**Student:** 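Next up is a structure, given as structure tokens.
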Amino acid sequence: MTGRSPSPLSSDRVRPDVAVVGAGPIGLAIAWRCAARGLRVVVHDPAPGSGASAVAAGMLSPVAEAYFGERQLTGLLLASAARWPAFAAELTEATGIEIGYRTEGTLMVGLTGDDLAEARRLWAYQQGLGLPVTPLRPSELRDSEPALAPRVRGGALAPTDHQVDPRLLVPALRTAAQRAGAVLVPQQVQALSDVDASVTVVAAGCGATALTGLPVRPVKGQILRLRAPDGVAPGFRHVIRGYADGEHVYLVPRADGEVVLGATVEERSDTTVTAGAVQRLLRAGVDLLPELAEYDLVEAVAGLRPGTPDNAPILGPLPDRPDVLVATGHHRHGIVLTPITADLIADLVLGGVPDPLLAPFRADRFFGGATVAASGLPEPSVEGDLWS
Ligand SMILES: Cc1cc2nc3c(=O)[nH]c(=O)nc-3n(C[C@H](O)[C@H](O)[C@H](O)COP(=O)(O)OP(=O)(O)OC[C@H]3O[C@@H](n4cnc5c(N)ncnc54)[C@H](O)[C@@H]3O)c2cc1C
């Protein structure tokens with residue numbers, strides 16, 4: 001305890017050990033891990049779960065998302081994905097809430113010859129990293145997903161890329177954090193000086209920029225939700241990621257009949273839905289899976305991914321502020337990165353030695369303090385840049 005006057009955001013007379021700013025998946029998972037380890041935790045958010053996670057597809061795809069030039073990030077994605085089975089089981093055990101964690105794997109497909117050539121470049125890179133990508137013969141592809149359009153020229157299986165439903169995950173994390181003793185304060189933090197705690201963790205997604213000055217920018221994603229008619233499950237089981245006449249789309253089937261079809265990647269900060277984006281997503285989706293044309297279109301929405309200049313998250317102390325930890329900039333990967341972010345940030349809060357995995361993701365890399373650690377992956381055999 002200190003003799004400081006109460007902050008505008010005090011939830012309680014006892015000074016918290018940890019104040020988490022932001023109740024998205026990242027902030028709530030950190031709060032859960034810290035509270036479960038006996039710390040007094042408050043979480044500030046005027047609208048928990050209202051950020052990017054409210055629209056996210058929930059693919060856990062370290063293999064399919066292993067892109068050229070991002071080996072450090074791929075290493076972190078793989079390490080986090082490996083924690084997902086235990087994390088999901090522990091969360092359901094703690095809350096009784098099923099979070100839609102599914103392990104059928106991901107099919108990556110190319111519609112035309114050009115699409116397939118493009119996809120094969122990436123698969124070759126991923127295989128060069130030693131990742132499990134199994135090219136399939138056309139007959140094997142059809143056998144694994146008969147609903148795919150006959151026009152689809154070829155595909156590959158990433159069996160270890162799974163999925164979870166973020167709209168179930170976030171309420172489960174909130175329940176787990178509160179059951180472990182974390183207190184939610186439904187208020188926006190205007191400035192770090194408003195927060196009174198031994199350690200502050202900024203996990204505010206795109207809101208981190210205003211609080212820290214770090215280069216986190218909104219990257220807009222428009223995404224659709226469809227529903228199979230008559231309450232049946234979709235006619236496919238795998239997550240399907242495909243190139244269709246140059247459009248890159250994914251289709252995520254849920255057990256309740258929902259299919260998530262996404263997503264655009266736009267350097268914009270508005271959340272309007274445009275006719276052109278909906279048209280492109282639907283055309284590509286239906287080209288890959290013709291039965292989608294008969295589904296109900298139930299939602300078209302946009303969210304803002306917290307992007308960074310190198311597409312990788314920012315994890316660790318704010319430069320010159322050892323009492324402020326940052327966990328933001330998770331961009332396209334915040335759901336898959338939830339378990340590892342929570343574990344490693346909780347370790348830092350408790351004063352542990354920083355895990356070497358964190359070294360490439362420190363905030364000071366944007367202030368001339370870059371560090372490069374081994375990703376644990378071999379040198380790739382192909383190099384280049386596809387999407388940035
Ligand atoms: C279309 C789309 C599809 C995606 N698909 C996937 C996917 O398949 N797999 C995957 O891993 N990731 C995916 N993502 C990315 C993922 O959603 C994000 O990386 C993730 O949500 C980041 O989590 P977060 O908790 O850091 O931020 P957010 O989910 O954005 O939550 C931030 C929270 O902070 C709060 N907040 C902000 N400012 C303040 C403040 N000043 N005071 C208090 N609270 C504040 C907000 O209210 C919000 O609740 C997708 C994103 C989009 C947009």
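Only a predicted model underlies this, so the values are computations on that prediction, with no experimental measurement involved. In each ligand, atom 1 is the first atom listed, and ligand 1 is the first ligand listed.
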**Student:** Under 4.0 Å between a Lys/Arg side-chain N and an Asp/Glu carboxylate O for Arg33 and Asp347?
**Tutor:**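 No salt bridge links Arg33 with Asp347.
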
**Student:** With respect to Leu304, determine whether any N or O atom, backbone or side chain, lies less than 3.5 Å from an N or O atom of ligand 1.
**Tutor:**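 Among all N and O atoms of Leu304, none is under 3.5 Å from an N or O of ligand 1.
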
**Student:** Check step by step if side chain to side chain donor-acceptor pair (under 3.5 Å) holds for Ser144 and His238.
**Tutor:** CA-CA 9 Å; Ser144 55; His238 295 88; 5.3 Å; no

**Student:** Looking only at protein heavy atoms, identify the closest one to atom 21 (O) of ligand 1 and say how far it is in Å.
**Tutor:**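 Scanning the protein heavy atoms, the shortest distance from atom 21 (O) of ligand 1 goes to Ser53 N, 3.2 Å.
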
**Student:** Under 4.0 Å, heavy atoms only, figure out whether ligand 1 is touched by the backbone of Lys220, its side chain, both or neither.
**Tutor:**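 None of Lys220 does.
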
**Student:** State plainly whether the residues Asp310 and Arg365 are in salt-bridge range, i.e. N to O under 4.0 Å.
**Tutor:**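 Looking at Asp310 and Arg365, the cut-off is met.
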
**Student:** Show which residues join Val260 in its hydrophobic cluster (side-chain heavy-atom contacts under 4.5 Å, direct or indirect), or state none.
**Tutor:**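 Grouped by the 4.5 Å side-chain rule, Val55, Met59, Ile223, Val239, Tyr250, Val252, Val301 form the rest of the cluster around Val260.
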
**Student:** For ligand 1, note which part of Arg332 has a heavy atom under 4.0 Å away: side chain, backbone, both or neither.
**Tutor:**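 Within the 4.0 Å criterion, Arg332 contacts ligand 1 through backbone atoms alone.
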
**Student:** Which bit of Ala47 gets closer than 4.0 Å to ligand 1, counting heavy atoms only: side chain, backbone, both or neither?
**Tutor:**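 It is the backbone that gets close, since no side chain atom is under 4.0 Å.
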
**Student:** If the threshold is 4.0 Å, N to carboxylate O, is there a salt bridge linking Arg83 and Glu90?
**Tutor:**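 Judged by the 4.0 Å cut-off on N to carboxylate O distance, Arg83 and Glu90 do not form a salt bridge.
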
**Student:** Just heavy atoms, cut-off under 4.0 Å: does Pro46 contact ligand 1 by side chain, backbone, both, or neither?
**Tutor:**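 Pro46 to ligand 1: side-chain contact only, backbone stays beyond 4.0 Å.
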
**Student:** Please state which protein non-hydrogen atom is closest to atom 31 (O) of ligand 1 and give its distance, to 0.1 Å?
**Tutor:**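 Residue, atom and distance for the closest contact: Gly24 CA, 3.6 Å.
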
**Student:** Is it the side chain (CB and beyond), the backbone, both or neither of His330 that lies under 4.0 Å from ligand 1, heavy atoms counted?
**Tutor:**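 It is both backbone and side chain that touch ligand 1.
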
**Student:** Are Asp364 and Arg362 ion-paired here, with the side-chain N under 4.0 Å from a carboxylate O?
**Tutor:**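 Judged by the 4.0 Å cut-off on N to carboxylate O distance, Asp364 and Arg362 do form a salt bridge.
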
**Student:** Need the ligand 1 atom indices (1-based, order shown) with element for anything under 4.0 Å from a heavy-atom of Gly58.
**Tutor:**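 Counting atoms of ligand 1 from 1, those under 4.0 Å from Gly58 are 7 (C), 8 (O).
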
**Student:** Under 4.0 Å, heavy atoms only, figure out whether ligand 1 is touched by the backbone of Val55, its side chain, both or neither.
**Tutor:**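 The answer is the side chain.
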
**Student:** What protein heavy atom lies closest to atom 48 (C) of ligand 1? Include the residue and the distance to one decimal.
**Tutor:**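 Heavy-atom neighbour on the protein nearest atom 48 (C) of ligand 1: Asp45 OD2, 3.3 Å.
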
**Student:** Within a distance under 4.0 Å of any heavy atom of Ser50, pick out the atoms of ligand 1 and give their elements.
**Tutor:**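 Atoms satisfying the 4.0 Å criterion: 47 (O), 49 (O).
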
**Student:** Is there a heavy atom in Val21 that sits closer than 4.0 Å to ligand 1?
**Tutor:**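 Val21 counts as a contact of ligand 1 under the 4.0 Å cut-off.
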
